[in-house]
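The structure appears below as structure tokens.
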Amino acid sequence: MKADEEAQDQAASIAEVREAVKRFAAPEGGIVTALDGVSLKVRPSEFVTLLGPSGCGKTTLLRAISGFEELDAGEVRIAGAPMTGVPPHRRPVNTVFQNYALFPHLSVGDNVGYGLDVAGVPRAERNTRVGETLERIGLDGYERRRPDQLSGGQRQRVALARAIINQPKLLLLDEPLSALDRNLRKAMQLELKNLQHDLGICFVFVTHDQEEALTMSDRVAVLNAGRIEQVAAPETHYHRPATRFVAEFIGDGALFSGRVEGPAKDPVLVTADGLRFAVASGTPAGQEATLLLRPEHLEAAPKSPRASHGVIEARLEQSVFLGALHQFVCRLANGATIIAAPTGAGAGNLSEVAIGDSIRLAYRRDQPHLIPEVGDGA
Amino acid sequence: MARRGDTRRLAFLLGPASLFLGVFFIGPLAVMVVYSFLEPGLYGGVEWNFYHWNYGRILGWADGEWEEFDAVYAQIFLRSARLALTNVAITLIICYPAAIWVSGLSARWRTMVVFLITLPFFVSLVVRLFAWVLILRPSGFLNSSLMGLGLISEPIDIIFTETAVLIGMAYILLPFMFLPLYASIEKLDRSLVEASSDLGASPLQTFFRVTLPLTLPGIAAGSVLVFIPSLGNFIVPDILGGAKVLMIGNLVEQQFLSARNWPFGSALSVMIMAVMFVLIVLYLRSMGRQEARQ
């Protein structure tokens, strides 16, 4: 039964990375482990984002899939076929490079048609497909232009057209939006998402920008130091991060580590420096855990808070108006900073507090996520 | 005011170089062009008469009395051009793979290799060429090693042949091909090669569709830098070609030093320069076009 499920799962995955290990000799000596046992499955027509800080191994993972890096251990499978020893030009994947890597000596049309030309597609069919692809990305009529006559956004589109014309099973995108300005980047994010939906091919997208990752992806894999911390839908990463790293990396929030104490009806997380936070009832006592308080969980506490709420004593340090919401930066007794961004009526109450005054914040005790400490728990 | 200051600074900066080139390069060049149209004196020197038969001897009009047209000059010229072109091909074939290999090394090793390639310049050219005489002569290193290995039973004739001249010229001009090639290959964006491979091009297709076209400027620069000194070379054919392989440079040398016919030697030199001039103009124009395109 289990083997059966596995076989089915494998057929369903477009790309699969198993226990990938990749080490580099660092230029200043020593060995850097870029991938430290990474496993990942990409399902059909899925938009997966590899997210992480620079040096976390996300680009190495992408290059292992495209074939530009050979793994030291583990394997890559594409559509079920093992890719070990298969050179990049024989892999059914295409890449949109970070700096676009357009051929400067070829016109836009020849850049886009490159994949068809090297495959020997007949001229007439090739021209039709180049025209169609350029039209699809909104650059029809640009065939004769040279890459250096295009704007950054247009170059980005040409790079995209060039990569999708071969109809790859998997499109790899290596921080393709990082060189664009903010407005263009926003527009391209949605366009990429639509394109992926229309084409129905898998996108594996690499970025260090969490907002980008959350906006576009079906699933996000958060990488840190060569390991995958968590693979999940964007909402899951935000509301129920599996590790402290994910909680810190995605979204704003304050994290408090400690031990759960007290009766099951009224459990409290006690930190090393004595702060106490009420947590969801039913949390077993004795557990080491980290509490994640998002700004939107917090609001001004009423005079007599209900038992279903936790209360935090703090001092208001700063009040920041951000348009749609208002942030209140508060400092706790142990010196930690916590940000409250209440929605609705809670905001009004906080606005009346003067800067420097003490303040009481409340949250529903079942709302903040509690990350159980596992092993070293880093 | 600012303009005048600029002019003065420019004159100050460019003055010494201009003066030097004017006195030691343009001046002698002008003298040579003038001499090529003068009558050779009976005992060397020149008579100050306009005299176009110098060119007639080479290109086919001569009075048949004092000056004979002889096709041998054109033949020597063509042979020189052929040897120079062959040399360009040899150095290109040797240097291109080498430059690709060097550009893939770590920064420290790249500097080391470039240094090693310029190292032979520290030794006199004549000394280096005589080393080749010792290697290539019948009782030299090459023949004695081949005979010692039993590959040949008698010394093969290499010294004083075109082969020897080509070996020598390729040897001294390799750096002039390598350095511009290396510069353009090193400048080549690695991600373009990866993009080509990613789009399904085999290594060979990538080479002909991406690497070669993008390193064409380096190939052109190296070819010009090797062709020009090859064409006018007289030391290598003198030392390694003996009396058998006469190149245009030797002919000029003979006219000046042995025959003491300075006007005819000048005419031959002007012919060489004309060919080089045309080549350089073509090269600069193609470069200009490429730059305009990029």
Side-chain angles (χ1 to χ4, degrees), chain A residues 25-29 59 62-63 65-69 86-107 110-121 144-149 158-168 170-175, chain B residues 96 99-100 102-113 180-181 183-223 283-294:
Chain A
E28 59 273 9
T59 296
L62 198 76
R63 290 172 62 84
I65 298 173
S66 58
F68 292 116
E69 301 289 355
V86 178
H89 67 275
R90 299 229 179 83
R91 297 196 181 193
V93 297
N94 286 124
T95 307
V96 177
F97 289 83
Q98 184 167 13
N99 57 359
Y100 315 142
L102 298 180
F103 304 120
H105 59 300
L106 299 180
S107 68
D110 287 345
N111 262 287
V112 174
Y114 192 90
L116 302 179
D117 289 340
V118 295
V121 173
R144 315 286 305 265
R145 301 271 188 107
R146 295 205 158 256
D148 57 347
Q149 295 171 315
V158 174
L160 200 58
R162 186 178 71 174
I164 61 173
I165 199 164
N166 275 6
Q167 294 159 341
L170 194 64
L171 186 71
L172 308 174
L173 303 102
D174 187 6
E175 307 215 22
Chain B
Y96 204 98
I100 288 182
V102 173
S103 69
L105 294 176
S106 73
R108 210 162 39 133
W109 279 106
R110 284 200 304 254
T111 320
M112 186 67 191
V113 169
L181 264 186
S184 76
I185 289 174
E186 205 212 0
K187 222 173 53 187
L188 181 73
D189 188 351
R190 290 283 310 161
S191 69
L192 296 178
V193 175
E194 287 193 348
S196 169
S197 175
D198 184 74
L199 291 164
S202 67
L204 211 61
Q205 284 175 315
T206 298
F207 178 75
F208 283 109
R209 284 172 181 269
V210 177
T211 313
L212 196 63
L214 288 174
T215 52
L216 221 47
I219 295 173
S223 301
Y283 167 70
L284 289 178
R285 277 181 55 179
S286 75
M287 286 301 103
R289 214 174 300 138
Q290 197 147 51
E291 231 145 74
R293 240 176 24 197
Q294 276 170 8

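- Using a 4.5 Å cut-off between heavy atoms, Arg91(A) does not touch chain B at all.
- Contact detail for Arg90(A) and Val86(A): the closest heavy-atom pair is CB-CG1, 3.7 Å.
- There is no contact between Arg190(B) and chain A, counting heavy-atom distances below 4.5 Å.
- Checked against salt bridge (Lys or Arg N to Asp or Glu O under 4.0 Å), Arg110(B) has the following partners two or more places apart in sequence or in another chain: Glu186(B).
- For Asn166(A), the part lying near chain B is the side chain, with the backbone staying farther off; criterion is any non-hydrogen pair under 4.5 Å.
- Taking the six-membered ring where tryptophan is involved, the planes of Tyr96(B) and Phe207(B) are perpendicular, since the angle between them exceeds 60° and thus also 30°.
- The salt bridge (Lys or Arg N to Asp or Glu O under 4.0 Å) test applied to Asp110(A) returns Arg126(A), not counting sequence neighbours.
- Ser106(B) does not touch chain A: none of its heavy atoms, backbone or side chain, sits under 4.5 Å away.
- Nearest heavy-atom pair across Pro180(B) and Ala221(B) is CB-CB, 4.0 Å.
- Using a 4.5 Å cut-off between heavy atoms, Leu102(A) touches chain B through its backbone atoms (N, CA, C, O) alone.
- In this structure, the portions of Phe103(A) lying under 4.5 Å from any heavy atom of chain B include both its backbone and its side chain.
- Proximity to chain B is limited to the side chain of Asn99(A), based on heavy atoms less than 4.5 angstrom apart.
- The minimum heavy-atom distance between Val93(A) and Ser66(A), with the atom names listed, is CG2-CA, 3.9 Å.
- Using a 4.5 Å cut-off between heavy atoms, Asp189(B) contacts chain A through its side chain alone, with no backbone atom that close.
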